[in-house]
Amino acid sequence: MNRICLNVLIGIPASGKTTYCAQIEKAASDQLSVVHVCYDTYVPIDTQYDQFRDEAGSYKRHRQQLLSSVEAIILSILGSDRQTLERLLQDWIREFKQPLKLPNTLLNSKDYLFLIDDNMYYRSMRMEWLQVARRRSLGFFETFFNVPLELALRRNQSRERSVPEETIRRMWMRLEKPCGEMYGWEKKSISIEGTLDDLSEVLSMVSHSFEKPEKMIDAPSSSTPMEQSVIHQIDLLLRKAISERMAKAKSSMSKSDLRAFAAVLQERKLDLLQRLRNGGEVIAEDRVQFVADAFL
């Protein structure tokens, strides 16, 4: 039976996602087909912001249509239904104006790796793809490109099609890093800092994800709210973590950007504390410091 794995990429523009995809595509074989789904090609919000902004709801609608279209294509591959697949690919061109490039070995391979190439700076964006994996019993893992803002900005300047610096800064401020300690489904994540020289960790994760596909799960029941003393400890640690992140960002951000960044971190902190008070999240006491550092 055909097996499919979704590799969801997370990172601001110029963080290394395109290079990563090229490396993975070179590692394809007769047994492993790689399908590169690049949002910038089909929903080019970074370079055509005005067009999407002027049409209410257009950006979100285009993203949702892309996800639904990929899911339908995946279903046709799982069923080895070439006729439906060819129809869906024609529908794709009409919707997104560009063809989805598929390897010649498609429907002849056993395993398929879909590279979901986008910034995915909100956790909710990644959760949408996790739900696809759960519905269709697919493999799933994340690759996080953990590069400093200054490095991404320098790389962006040398790009043929650069992204507005303001867009990169805005995404960097809002990026929610994978945190497996808080969200169990994000434990299957790889973090890349700088350049990826060895694909062995990635290919090992691909293999593991094929062997352990996602499954639908029942909605978790609310946990007992954490002790107030522990929540107070977390609050103090989060405040310290915010101060440290602000200090690091001070040299590379304007005063207005710093204020906006501080507001984003503060909102994230308050949301986490409220979920802990309500019993929506639980953190083991021996992992409090780690979560405080990783969550922000």
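All values derive from a computational prediction rather than experimental measurement.
A donor-acceptor pair under 3.5 Å links the side-chain atoms of Ser158 to the main chain of Arg155, judged by distance alone. Formation of a donor-acceptor pair under 3.5 Å by the Lys101 side chain with backbone atoms of Val35 is not found in this model. A side-chain donor-acceptor contact under 3.5 Å links Arg268 to the backbone of Arg174. A donor-acceptor pair under 3.5 Å is formed between the side chain of Ser68 and the backbone N or O of Gln64. Under a 3.5 Å cut-off, the side chain of Trp92 and the backbone N or O of Ile73 do not form any donor-acceptor pair.
Within the model, atoms CG of Leu149 and CG of Leu175 stand 11.0 Å from one another, a figure rounded to the nearest 0.5 Å. The CG atom of Asp81 lies 8.5 Å from the CZ atom of Arg87; values are rounded to the nearest 0.5 Å. One finds the CZ atom of Phe144 at 14.0 Å from the CE atom of Met120 (value rounded to the nearest 0.5 Å). To the nearest 0.5 Å, atom NZ of residue Lys188 and atom OG of residue Ser209 are 4.0 Å apart. To the nearest 0.5 Å, atoms CG (Leu113) and CD (Glu25) are separated by 9.5 Å. Note that the OH atom of Tyr39 and the CG atom of Asn119 stand 10.5 Å from one another [nearest 0.5 Å].
Residue Leu270 is not grouped with residue Ile234 when hydrophobic side chains (ILVMFWY) are merged at heavy-atom distances under 4.5 angstrom, including chains of intermediate members. Residue Val264 is not grouped with residue Ile12 when hydrophobic side chains (ILVMFWY) are merged at heavy-atom distances under 4.5 angstrom, including chains of intermediate members. Tyr122 and Leu265 fall within the same hydrophobic cluster, where Ile, Leu, Val, Met, Phe, Trp and Tyr residues are linked whenever their side-chain heavy atoms come under 4.5 Å apart, directly or through other members. A single hydrophobic cluster is seen to contain both Phe145 and Leu203, as judged by linkage of ILVMFWY side chains at heavy-atom distances under 4.5 Å, directly or through other members.
A salt bridge between Asp118 and Arg63 is present, with a side-chain N of the basic residue lying under 4.0 Å from a carboxylate O of the acidic one. Ion pairing between Arg126 and Glu186 holds under the 4.0 Å rule for side-chain N and carboxylate O. Using a 4.0 Å cut-off between a side-chain N of Lys or Arg and a carboxylate O of Asp or Glu, Arg154 and Glu150 do not qualify as a salt bridge.
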Walk me through whether Leu32 and Phe210 qualify under side-chain contact (heavy atoms from CB on, under 4.5 Å). CA-CA 11 Å; Leu32 176 65; Phe210 279 135; 4.0 Å; yes
Audit row: Arg170, Asp257, salt bridge (Lys or Arg N to Asp or Glu O under 4.0 Å) steps and yes/no: CA-CA 8 Å; Arg170 186 170 64 246; Asp257 282 345; over 6 Å; no
Tell me, with the steps shown, if Lys110 and Ser33 meet side-chain contact (heavy atoms from CB on, under 4.5 Å). CA-CA 8 Å; Lys110 174 186 176 184; Ser33 292; over 6 Å; no
Determine, stepwise, if the pair Trp172 / Tyr121 fulfils ring pair (Phe, Tyr, Trp, His ring centres under 6.0 Å). CA-CA 8 Å; Trp172 182 84; Tyr121 50 93; over 10 Å; no
Step-by-step side-chain contact (heavy atoms from CB on, under 4.5 Å) determination, Gln233 to Leu237: CA-CA 6 Å; Gln233 179 189 1; Leu237 290 171; 4.2 Å; yes
Would Asp235 and Lys269 count as a side-chain contact (heavy atoms from CB on, under 4.5 Å) here? Give the steps. CA-CA 8 Å; Asp235 187 11; Lys269 183 196 79 167; 3.4 Å; yes
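For the pair Tyr20 and Asn7, the minimum side-chain heavy-atom distance is below 4.5 Å. With contacts defined as side-chain heavy-atom distances shorter than 4.5 Å, the pair Phe141/His208 does not qualify. Using a 4.5 Å heavy-atom threshold, the side chains of Thr143 and Val8 count as separate. Side chains of Val202 and Ile190 form a contact here, defined as non-hydrogen atoms less than 4.5 Å apart. Looking at heavy atoms from C-beta onward, Asp40 lies out of side-chain contact with Thr18 at the 4.5 angstrom threshold. Contact annotation: the side chain of Leu100 never approaches that of Leu88 to less than 4.5 Å [non-hydrogen atoms, C-beta and beyond]. By the 4.5 Å heavy-atom criterion applied to side chains, Ile77 and Ile4 are counted as neighbours. No side-chain heavy atom of Met171 sits under 4.5 Å from any side-chain heavy atom of Val163.
The shortest non-hydrogen separation linking Tyr42 to Gln98 is CE2-O, 3.5 Å. Scanning all heavy atoms of the two residues, the minimum distance from Ile93 to Pro99 falls at CG1-CA, 3.8 Å. Nearest heavy atoms, Phe261 versus Met246: CD2-SD, 3.7 Å. Contact between Glu142 and Ser189 at its shortest, heavy atoms only, is OE1-OG, 2.8 Å. The heavy-atom pair separating Ala14 from Arg159 by the smallest distance is N-NH2, 3.5 Å. The two atoms that bring Ile168 and Leu153 nearest to each other are CG2-CD2, 3.9 Å, heavy atoms only.
Screening Arg135, Arg134, Arg136 against Glu214 for a side chain to side chain contact (heavy atoms under 4.5 Å, CB included) leaves a single residue, Arg134.
Under a 4.5 Å side-chain heavy-atom cut-off, the cluster of Ile, Leu, Val, Met, Phe, Trp and Tyr residues that includes Val147 is completed by Leu151.
Other residues, nucleotides and ligands place more than 12 heavy atoms under 6.0 Å from the CD atom of Glu95.
For Arg3, the salt bridge (charged side-chain N to carboxylate O under 4.0 Å, His left out) criterion is met by Asp111, Glu211, not counting sequence neighbours.
Checking Ser69 against Asp91 by side-chain atom types alone, no donor-acceptor pair falls below 3.5 Å.
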